[in-house]
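Values in this document were obtained by computation on a predicted structure and should not be read as measured data.
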Amino acid sequence: MKKTIFNTLVALLIYCGQCIICQESIAQKNNSDSLYSYRAASPGGTGKFYLGREIAHVMGASNAEWLDRVSRPQEENTQLAIDKIEIPPTGVIADIGAGTGYYTFKLAPKFPKGKVYAVEIQDEMIAALSERKKKLNNTNVEAAKGSVTSPNLPENTVDVGIIVDVYHELEYPVKILSCIKKSLKKDCQLLLIEYKGEDPAVAIRPLHKTTIAQLNKELRTNGFKLSYEGKFLPIQHFLLYKKAD
């Protein structure tokens, strides 16, 4: 009889513990969902909105060749963008949403004594980054597996974080920006390069373009302030943000 009562109490305690965990999980999900709104999805969109902007679907690894297209340097003047990124000689860069490493492996030679984190969430892209690193015999790039909520970077280690043509696809921009903010050293910066949403002549799908006003609104809401606006790229914004506090 005593054994039966004991087993019943143990089972009840386990059940109650599971209920508490479940309730906490639901509360966290509801808190996260309260930051976003949901409507019918547009072509190429997720139907999930943040501060009025619909979040775009992630470009899959099957379209990775487009990132390394022969016409890209001429279309985007990528070399000028790379030249404009200032890096301490022994600094640390985080290329968040690095894709195949187009920017990663062009930045790495600029500071051979520094380090570049090439952050990706797709296993196929991680494999492509690792293969490229091996092919180039590179020694200062580290492929890093992130998630939809975090780039998984060490805190207070990054001199420059860069997000090139990826910000509009972030499924959880609030969580990602919070993690990036923690990873940046004091007075260090986050660079966003995004296709110009103000210009209808930029032949990119609408949800893969963003306006400066929208980017400033989102970054300001998450504790960043615009410190520099470069107006030298033909079809993209070049925006540097610092931590506001």
For [X], enumerate each residue passing the side-chain contact (heavy atoms from CB on, under 4.5 Å) test, keeping only those at least two apart in sequence or located in another chain.
X: Thr139; value: none
X: Thr211; value: Glu198, Ala213, Gln214
X: Glu86; value: none
X: Thr78; value: Arg72, Pro73, Glu76, Tyr102, Tyr103

Checklist entry - Do any pairs count as a salt bridge (Lys or Arg N to Asp or Glu O under 4.0 Å) and have a residue in residues 109-125, sequence neighbours left out, and if so which ones? => result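 Output for this query lists Lys115-Glu142, Asp123-Lys145.
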Checklist entry - Any salt bridge (Lys or Arg N to Asp or Glu O under 4.0 Å) pairs touching residues 214-228, not counting sequence neighbours? => result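 For residues 214-228: Arg53-Glu218.
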Checklist entry - Side chain of Lys182, backbone of Asn156: donor and acceptor closer than 3.5 Å? => result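 Absent.
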Checklist entry - When clusters are formed from ILVMFWY side-chain contacts under 4.5 Å, directly or step by step, what else is grouped with Val70? => result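 Via sub-4.5 Å side-chain contacts, Val70 links to none.
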Item to check | Apart from Val58 itself, residues in the same hydrophobic cluster as defined by side-chain heavy atoms under 4.5 Å | outcome: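 In the cluster with Val58 there is nothing else; it is isolated.
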Next on the checklist: My understanding is that only residues two or more places apart in sequence, or in another chain, count here; which of them pass salt bridge (Lys or Arg N to Asp or Glu O under 4.0 Å) with Lys106?
Outcome noted: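 Partners of Lys106 by the salt bridge (Lys or Arg N to Asp or Glu O under 4.0 Å) criterion come out as none, since no residue qualifies.
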Checklist entry - Any Lys/Arg nitrogen of Asp187 or Lys242 sitting under 4.0 Å from an Asp/Glu carboxylate oxygen of the other? => result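 No, Asp187 and Lys242 are not salt-bridged.
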Only counting residues at least two apart or in another chain, list the ones meeting ring pair (Phe, Tyr, Trp, His ring centres under 6.0 Å) with [X].
X: His208; answer: His168
X: Tyr50; answer: Tyr36
X: Phe232; answer: Phe238

